[in-house]
Student: 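First the structure, then my questions, so here it is.
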Amino acid sequence: MEISFIPLDYDYFDWQGKNYLKIIGRSEDGKKVCIIDSFQPHFWIILNEKISEKRIQEIQKKIEEIKVFCSNRTTKVLKTQFCTKNFLGKPVKAIKIFISNYKDAWAIAEKIDFKEVRAKREYDLPLITKYIIEKKLLPLSWNRVTGEILNNSQEFDGLDSSLEVDLCLKVKKFQKLENKEILFNPKILAFDIEADEFDIGKGEILMISLVGKNFKKVLTWKKTRKKPEYVEVFENEAEMIKAFVNYVKKLDPDILTGYFSDGFDLPYLRARAEKNKLRLNLGVDSRQPNFVRGKISSAKIFGIVHVDLFRFIESVYSQYLQSETLSLNDVAWELLGEKKHDFKLKNQKTLKEEEWKDYFEYNLQDSVLTYKLTEKFWPDMQEFCKIIQEPLFEITRNSMSQLVESYILHNLEKYDEIAEKRPLHDEIAKRRSRPKYEGAFVLQPKAALYENLAIFDFTSYWPSIIVTFNLSKSTLLEKKEKDSLEVDIGKKVYFSKKPGFFPEMLREIIKRRKKHKAEYRKNENPILKARSNAYKLLANASYGYQGFFGARYYCPEASAAATAISREFTKKTIDKINEKGYSVIYSDTDSIAFKLNGHTKREALDLLKEINSHLPGIMELELEDFYKRGIWVTKRTGEFGAKKKYALINDQGKLKIRGFETVRRDWCNLARNLQNQILESILKEGNEKKALKIVKETIKKIKNRDVEKEDLIIRTQLKKPLAEYKAITPHVIAAKKLKESGIPIDAGMLIEYYIGETKNKKALVRERVKLPDEKGNYDINYYLKNQILPAIENIFEVFNINVNELIEGKKQMKLDVF
DNA sequence: GTGCACACGGCAAC
DNA sequence: TCGGTTGCCGTGTGCAC
């Protein structure tokens, strides 16, 4: 039997003491297929260089006799092979050790104890990763698979008959179908639950919505007289949960998707199924979801890829979103232009008959949004999966640094490298306590309103430095060598000029990103965009990876060298721009803003060309944009210009605002909106007159108590459990108030409050905190002095105007007089 | 009691 | 365990005077 097959979900099992893979995917004609493949795992030991051939053979012979007994099985070494490989860029003598069961690789490695063994490696890779690297059955890629159909076979203890699939094949061989792009549209099913208690399992699940292509359903046990046609009513919670499982099985999706379903929906379903003595047998082998431990446990369902879209967005895309929170509502609004339905959750017992309809609608809409967002992110997930070569389940949950690491592991073969090991507990502790290294350069600006500006920035600064200067763990030298690169990072460090695999991989990533970006420009489709973007994200994360304490290829010297080199280039470039008759105003890391001083744009572009002709390697400076005006302000404390705070307007009238309160979510909308208007007015008009008028109107509005409460609410995130706070700040007080009113408080919650008026005018801010629902007058003085003033004071200072006087009314009187 | 410096905490820039 | 450092600024806190 021969089929075209695309792998979606990977799992493994033991049979007769050996490892087998069971991989679920689809055939070209849409059948759900499970293929079973054998796998002969191995790991490596690396030997000292001066070892004799005879001694190597002795060691091999002794290793081949090793056996371990654990968990009711015996695992043995099957064979060994002597090889010359590379490790951290250097040739090494190594022995490849094949074993019968990979789960015991660790135990076998522990039994190997010869003084000639320098290191043991690759016993700590996940089995599925190891399998994919070895056999190259890549996720989401089409393969021609030849095999034997298993139909009620005794082999593998009758595994095939327990699987709900159309076809089960025991693999003989397979081959990647190159140059054949069969379009694969996964069947997506989105779900969302509503429960009457927020704590997992504490209340009952009231309803479950399911949305697929041409499918919309809300399952409930609540009996209401009038209900929308998509609502299906069951006798009780247990029957509803059973129906949910049955629908999932019947609809047979490739992807079951939820929004924070790892942390809420699936754990809740599990808890309620247990309570009702039901099995949540969602897997194609009828297993229940497996909760893989982690900071948030990941719910894995065999044969259906459970995607928690929130986690993918959080780890991979959040930095590119404008949304102030990653709530479904905010993200859907930004990406789809749609919102959740307006519905204020309250206790179901007090819900009126007609309100249930709204509740059903609300529940359905959450699944609709999750479904649409998953469709929208599908190209991105797919491209990441293909590029990183890890299964979709892992891709959608791993952090960027893990994705970088997976990419490395799946590409080591080209360099004949043995993989480095993961750091263990003690090593991590040591790395975490390392002193910080110096970061990038930030130029102190002079506060003023400037006209006719340009900004240059370095293209992919960190990756281009790492590639150009060959900075990595494997190229770091112990001591100075002939023709090595010397970098001062507080002490002298040296890097080899012989290209290392990490910088070379990064070079390849950047090359591909360029290629796919060009392709996308010719043919704008979502797949090409996602592909180009995935390479970009991967390149950008590589700098952080080397400085990350959990990395296999951790190298703080490389990170510190990269920042040292960046400071040098940025400063040199600033000098050069100044020398050519321009005036540099500001610079942060990889960008430089300067005044044209009467030069034309053409001349500025010529300067850019000239600078580029002297930059080494793949380093490149590019034009970010030309700007009509820009404003920099002073810090509130001291008279120096503030860094990381500026606003610009380009020739097309588009604003670019950085660092100001306008873009910070922990300021009330009143202050943010006002500041935004002020900046826009000043940048557009070129003076402060109109802006001043807006300020006066706003102050009047505040004093007259005409401001809506929504605009006064301050939102601050609770970053850790309440009890851990040393400083009792206003948002901590607000969180305590919430808790007292019966709302569960968790780290990560965005706490909302406003500042109310009290008799004691000098009370601490935290003593004036009120929750949004609490009645009371807002504190006029607080909003004027602590919100409005800080937001605009420094902007007007540029024009020598004292806003404080305006607020207190002195100047206002004078102005009124004239 | 007031003024100051500093720690804590959150969030942004890159 | 689950990228990094730089920087701003409000609020709280402890100390000097």
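Order of the sequence lines fixes the chain letters, A, B, ..., with proteins taken first and strands second; residue numbering starts at 1 for each chain. Every value quoted in this text rests on a predicted model; they were computed, and no experiment measured them.
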Student: Determine the contact category for A:Y782: base if any of its heavy atoms lies under 4.0 Å from a base atom, sugar-phosphate if only primed atoms, P, OP1 or OP2 are that close, otherwise nothing.
Tutor: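 Contact class for A:Y782: sugar-phosphate only.
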Student: Quick check for you: name the first and last nucleotides of DNA chain C, 5' to 3', having an atom under 4.0 Å from a heavy atom of chain A.
Tutor: C:dT1 to C:dT13
Student: Roughly how far, to the nearest 0.5 Å, is the CG atom of A:D711 from the CZ atom of A:R672?
Tutor: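 Interatomic distance, A:R672 CZ to A:D711 CG, rounded to 0.5 Å: 11.0 Å.
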Student: Does the ring center of A:F312 lie less than 6.0 Å from the ring center of A:Y317?
Tutor: yes
Student: Does the pair A:D262 and A:R397 meet the rule for a salt bridge (charged side-chain N to carboxylate O under 4.0 Å, His left out), with working shown?
Tutor: CA-CA 10 Å; A:D262 268 346; A:R397 283 168 180 79; 2.8 Å; yes
Student: Using a strict heavy-atom distance below 4.0 Å, which residues from residues 784-792 of chain A are in contact with DNA chain C?
Tutor: A:N786, A:P790
Student: Evaluate whether atom NZ of A:K785 has more than 12 neighbouring non-hydrogen atoms of other residues, nucleotides or ligands under 6.0 angstrom away.
Tutor: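 Correct, the count exceeds 12.
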Student: Does A:F502 have its ring centroid less than 6.0 Å away from the ring centroid of A:Y553?
Tutor: no
Student: What about A:Y461 and A:F569, are their ring centers closer than 6.0 Å?
Tutor: no
Student: Has A:K656 got more than 12 heavy atoms of other residues, nucleotides or ligands less than 6.0 Å from its NZ?
Tutor: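 Counting other residues, nucleotides and ligands, NZ of A:K656 exceeds 12 neighbours.
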Student: Do the numbers put A:K720 on top of the ring of A:Y725, so that NZ or CZ is under 6.0 Å from the six-membered ring centre and no more than 45° off the axis?
Tutor: yes
Student: What is the nucleic acid contact for A:G439, judged by heavy atoms within less than 4.0 Å: base, sugar-phosphate only, or nothing?
Tutor: sugar-phosphate
Student: With heavy atoms under 4.0 Å as the rule, sort A:Q546 into base, sugar-phosphate or nothing.
Tutor: nothing
Student: Verify whether the ring centers belonging to A:F264 and A:F310 lie closer than 6.0 Å.
Tutor: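 Ring centroids of A:F264 and A:F310 are no less than 6.0 Å from each other.
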Student: Please encode protein proximity along nucleotides 8-13 of chain B as a string of B, S and -, counting only heavy-atom distances under 4.0 Å.
Tutor: SSBBSB
Student: I want to check a possible cation-pi pair here: A:K300 against A:F393, using under 6.0 Å from ring centre and within 45° of the ring axis as the test.
Tutor: yes
